[in-house]
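Since the structure comes first, as C-alpha cells, the remarks are kept for the end.
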Amino acid sequence: MMRIPFRVVFEQRGETPRRLSLLVPIASVLAALCFGAIFLLATGYSPIDTYSNMFRDGFASFNGITDTLALSTVLICTGISAAFAFQMNLYNIGGEGQLYLGLIGGAWAGIALGDHLPTLIMVPIVLLCGALAGAAWIFVPALVRSRLGTSEIVSTLLLTYIAASLIKHVIYTPGSFFRNPNTSFPQGRMVADSASLDSFGSSRLYPTFFVALIIAGALYWVVRRTEFGYRIKVISDSPRAAHYAGINARRTTMWVMLISGALSGLAGAMLIVGPYGKIEPSIITLGYGYAGIVVAALARNNLGLIIVSGILFSGLRVGGNNLQVTTSTPIHIGVMLQGAILLFALGGEAFRRYHIHVVRTHVAPAKKALS
Amino acid sequence: MSTTSHEVAQGPHHNSGAAPTALSAHSIDKKFPGVLANDSVDFDVRAGEVHTLLGENGAGKSTLAAVLCGLYQPDAGYLMRNGKRINLSSPRAGLHHGIAMVHQHFRLVERFTVSENVILGSRDLPFRLNRRELNEKVAAVAESYGLPIEPDATVGDLSVGQRQRVEIVKALYQGAEILLLDEPTAVLVPTEVEKLFENVHAMTAAGKSIVFISHKLGEVVEISDRVTVLRNGRVTGHVSGRGTADTKELARLMVGRDIELNAQRATHATGHEVLQIRNLSLSINNVSVLNDISFNVHAGEMVGIAGVAGNGQRELADTIAGLVSPTTGSVTISGAMTTDCGPIQAREVGLAYVPEDRLGMGLVPSMSILDNLLLTRDRQTVVDRVSVRPEAARLIEQFEIKANGPDHLARKLSGGNAQKVLLARELSGGRGATKLLVVCSPTRGLDVGAIETVRRLLNDARSAGQAILLISEDLDEVLSLSDRVLVLYRGAVVHETPGETAQLSQVGAAMAGLASDGHA
C-alpha cells in the first residue's frame with residue numbers, strides 16, 4: 001500500500017508568540033498580493049505597475065491619502081459597529097442596513113429642522129438622529145436575540161434588504177419627503193446648510209474623521225475600563241460564569257446590539273453631514289456596512305486596531321477604484337484583492353493558533369543513544 | 001539497549017512465573033512544550049496480570065498510557081509486543097497489535113445502541129448489517145467476561161457504569177489483549193467498582209493484560225499484581241504482589257514526601273443555623289430534579305452531600321446559590337430568605353459558592369486573576385483595578401498560588417491553582433462577610449499536595465465559624481471531612497448519618513439507591 005510519506009500536523013499553541021501576531025497579518029497581505037498577481041499576469045497586466053499605482057493612489061498622494069481617510073471615516077464606524085458586537089459573539093452582519101437607516105434618520109433631521117440652528121448644534125443632532133435610526137433598525141433583532149435566542153445573523157441580514165428597499169422607496173416615490181422636489185430626475189433632497197460640514201481645503205476629507213477616531217478611542221476605553229466592558233468580557237467568554245456572578249446577560253446583549261446598530265447608523269449620518277448632504281441612492285451598491293465586517297475581522301475585533309485596519313482597507317479600496325481611471329485595469333481586480341486579503345487574513349489565523357509542522361510518517365523507531 | 005532498571009519482580013500470584021511479557025516500553029521519552037512528561041520510563045505488562053500506573057495528576061501516567069496505545073509517538077524509546085519491536089503510528093495501529101484504551105471520558109455515541117457503538121470504527125463491515133447476528137456476537141463477548149449488557153439498549157439510556165462496560169466490551173470485541181483503563185473508578189459508585197474489579201479478574205483469568213491507571217491508593221492495592229509509581233515523568237518505584245503494597249509507602253513514592261490526609265472534624269460545638277432549606281423541590285421541563293429536600297447547616301459545621309454524579313447535586317448547589325429558582329420550598333441564609341432573589345442578594349447575606357466547574361463557571365478563563373477576583377464583588381461603573389491589585393497580590397501569596405502575579409490569566413493556571421484562586425476569592429468575602437460556603441467537588445482533579453491545601457483551607461474556614469456545605473462525588477472526601485453526611489439519590493436525601501460513625505457500606509448502598517432510610 002502506497003502512503004504519502006509526509007503528514008501535516010496541527011498542534012495547538014498555548015500562547016501566540018508576539019512576533020507572529022505582527023508577522024501573520026503582514027504575510028497575509030503579501031500572500032493576497034501574490035495571489036492577485038497570478039490573475040493580473042493571466043489577464044496581461046503587470047502586477048508591479050498595478051500595485052505601485054494602487055499604493056500611490058491610495059496612500060502616497062494628497063488626493064489619495066485624503067480620500068482614503070475620508071472613506072475610512074465611514075469604515076471605522078461600521079468596523080467598530082461590527083467588532084463591538086462580534087466581541088460578545090453577537091454577529092450583527094446587518095450594519096449595511098443600519099447604515100441606510102442612519103442616512104434616512106440623518107437626512108430627516110437635516111431637512112425637517114430647517115436652517116434655524118447653528119452648525120455646531122445642528123450637526124450633532126443629525127448625527128444623533130442617524131445613530132438612533134440605526135439603533136431602531138436593530139431593536140427587534142436585539143430584542144428577540146436577547147429574549148428568545150433568535151439568530152441575529154439571519155434577522156439583521158434580512159433587515160438589510162428591507163432597508164435597501166426603504167432607500168429606494170424614499171427616493172423613487174414621487175412626492176417623497178426625502179426626494180428633491182425640484183428635479184424630475186429622482187435624487188435626494190439636500191439637507192439644510194447648517195447641517196453640512198465643510199471639507200478640509202480642496203480635499204474630500206471631513207471633520208467627522210476625528211469624530212470616528214474619538215468614538216473608537218472612547219469605546220476602547222469603555223471595553224477595557226468600565227463595568228459595562230467587564231460584563232461584556234465575562235459574557236462573551238463564559239456565559240455560565242456570568243450567570244454565576246449574577247450578571248444580566250439579556251440586558252447587556254440588548255445594549256451591545258443597540259450600540260452596534262447606532263454606530264452603523266452614525267456612519268450613515270456622517271455621510272449626510274459630510275460628502276453627500278442628501279440621501280444618495282447609490283449607497284446601496286457600495287457595501288460600506290459589509291466592509292465594516294472585513295475591517296473588524298482584519299483587526300480581530302480589537303477596537304484599538306480598527307483604526308489601523310479601517311485606514312488600510314480604505315486605502316486599498318481607493319487605490320483599487322482609481323486603477324480603472326488611471327490604468328484602465330478592471331476595477332474588479334481591486335475588489336478581488338480585497339476579498340483575497342480577507343481570506344488570507346482569516347486563513348492566517350491558523351498559523352497564529354496552531355504550530356504547524358510537517359512530519360515524516362513511517363519513520364524508523366528513533367534510536368536513543370545510551371550514554 | 002534495554003535497561004532493566006526495575007527490580008526483578010515476582011509474577012502475579014495466580015499465574016506465577018510463567019506468564020510472558022505481553023507489552024513493554026523501553027526508555028520512553030515524551031516532551032511537551034515546557035514539560036518532560038515521560039523521562040526514560042520503562043514499563044512492562046505480562047499476560048494475565050494487572051499492572052497499575054500510579055501517580056498524581058501530571059505525573060505522566062496518562063502520557064505513558066497514550067504512548068502505549070499509539071495515541072502519542074514517543075520522542076525516544078520504543079515498544080515491544082511479545083518480544084518484537086513495534087511502532088504504533090496511531091491508536092488503530094495499537095488496536096492492530098491488540099492494545100486498546102478505555103478512556104476516562106467515554107467515547108460513545110449516545111444515540112447509537114450498544115452494538116452500534118461496539119462496531120463503530122470497524123473497517124470491514126458488510127454493506128448491510130445483520131443486526132441479530134451482530135447483537136449475538138456482542139452479547140457473547142460481553143458474557144464471556146461477566147459483563148452483562150443489552151446489545152439493543154441505547155447508550156444514552158445507560159448508567160455510567162454500564163457505559164464503561166460498553167467501552168470495555170468494545171475493546172474486547174475489537175480483539176484487545178491489553179486493556180488500558182484510564183481512571184476507570186473515578187465515575188463509579190462503590191458497588192460498581194466491585195463489579196468492575198470482578199470483570200477485571202475475569203479478563204485476567206482469560207489471559208488478558210490490564211494496565212490500570214489510577215491515583216486512588218486503596219483500590220490500587222486491592223486490584224494490582226504490580227504497581228509502578230510515576231512522579232514528574234519518572235518512575236519512582238515498583239511494588240509487586242497483590243494486596244501487599246502499603247498505602248503509606250505508595251503515597252510517599254507518589255508525592256515524594258509523607259502526607260497527611262486524615263480525617264479532621266469540627267473541634268468545637270457548632271453554632272446557630274446559617275443555612276436552612278425547607279421542602280425544596282425543583283422540576284426542570286417537568287422532570288423532578290430535587291425532591292422535597294430539607295436540612296440545616298450550622299455555623300462551624302461541615303455537612304457533606306454524597307451521591308453519584310447527576311443525582312441533583314449541581315442543581316441543589318445552584319438553587320442555594322440563587323442561580324436557579326426552586327419550584328417549591330425555600331432557602332434561608334443567615335435568617336434572610338434568599339429564594340428567588342438571585343445570586344447577588346444571596347452573596348450579600350453571606351453566601352460564597354465554589355462551583356464544580358472551575359474554569360468556565362467559577363472563573364472566566366480569558367481573564368486575569370485580578371479580574372476574576374472582581375467577578376463576585378461589587379464593581380464601580382469604572383472598574384477600579386488599582387485598589388484591588390495589592391489585595392490580589394496578597395491572596396496569591398497567602399493561598400500559595402503559583403502565578404506570575406495578579407495579571408496571570410486564569411486559563412493558564414493549573415487545576416490546583418485555579419481552585420485556589422476560586423477559594424481565595426470565595427473565602428475572602430465579596431459583597432458581604434462569608435457565612436456560608438457551598439463547595440462542589442473541591443479537590444477533583446487536583447494532585448495530592450493541592451488536595452492537602454484545599455482541605456486545610458476548608459478546615460480553617462470551618463474553625464473560623466463558617467458553615468460549609470461540601471458536595472462531592474469523592475466519597476472518601478465526604479466521609480473524612482464532614483461532620484454530617486447526607487446522601488442524595490434521585491434528587492432526594494435518602495440517608496443521613498454523623499460523619500464520625502458513617503459506614504462506607506451503608507453510604508455506598510444509599511448512593512446506589514438501595515437505602516433503608518437512614519433518617520431518624
Side-chain angles (χ1 to χ4, degrees), chain A residues 1 3-7 9 11-17 87-89 218 221-252 255 300-302 354-355 357 359-371, chain B residues 1-3 26-29 32-34 40 73-79 85-90 318 321-324 341-348 353 355 357-367 371-372 374-385 409-412 430-431:
Chain A
M1 185 163 56
R3 291 228 184 155
I4 307 164
F6 295 102
R7 193 155 57 106
V9 175
E11 207 168 273
Q12 202 152 11
R13 288 179 193 278
E15 193 175 2
T16 307
Q87 61 169 347
M88 211 174 113
N89 304 323
W221 179 81
V222 163
V223 168
R224 304 255 315 191
R225 294 273 178 253
T226 65
E227 152 77 8
F228 185 63
Y230 184 93
R231 287 208 305 256
I232 290 174
K233 210 164 171 219
V234 174
I235 295 169
S236 64
D237 192 50
S238 31
R240 281 160 40 71
H243 178 59
Y244 164 82
I247 290 171
N248 190 332
R250 282 182 174 184
R251 196 185 301 157
T252 311
W255 275 113
R300 291 197 304 276
N301 299 339
N302 180 325
Y354 298 95
H355 182 61
H357 47 130
V359 292
R360 284 173 62 198
T361 47
H362 293 282
V363 278
K367 291 197 172 64
K368 195 181 178 232
L370 281 175
S371 49
Chain B
M1 179 114 194
S2 114
T3 50
H26 301 268
S27 310
I28 298 291
D29 278 7
F32 291 110
S40 226
Q73 278 76 53
D75 297 328
Y78 61 97
L79 301 177
R85 195 141 148 174
I86 53 167
N87 178 43
L88 303 179
S89 55
S90 68
D318 282 357
L323 305 184
V324 175
C341 286
I344 292 175
Q345 270 85 342
R347 284 180 178 278
E348 274 166 2
Y353 176 29
D357 183 5
R358 282 159 220 157
L359 234 44
M361 183 161 177
L363 299 173
V364 184
S366 69
M367 281 188 169
D371 274 8
N372 270 298
L374 290 165
L375 186 64
T376 55
R377 299 193 178 189
D378 197 13
R379 296 174 298 269
Q380 308 296 314
T381 313
V382 177
V383 178
D384 177 13
R385 290 179 174 90
L409 295 184
R411 71 178 147 82
K412 291 188 185 158
R431 291 171 187 273

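Letters A, B, ... are given to chains in the order of the sequence lines, protein chains preceding strands, and every chain is numbered from 1.
- A cation-pi contact, defined as under 6.0 Å to the ring centre and within 45° of the axis, links B/R347 to A/Y244.
- Chain B forms the most heavy-atom pairs under 4.5 Å with one residue out of A/R224, A/E227, A/R225, and that residue is A/E227.
- For A/D237, the side chain to side chain donor-acceptor pair (under 3.5 Å) partners are B/S366, not counting sequence neighbours.
- Note: A/A241 leads A/A241, A/P239, A/G246, A/A242 in heavy-atom pairs under 4.5 Å with chain B.
- Remark: B/D371 engages B/R385 in a side chain to side chain donor-acceptor pair (under 3.5 Å) (not counting sequence neighbours).
- For B/R379 (side chain) and B/L374 (main-chain N/O), a donor-acceptor pair under 3.5 Å exists by modelled atom type.
- For the options B/L359, B/D357, B/L363, heavy-atom pairs under 4.5 Å to chain A are most numerous at B/D357.
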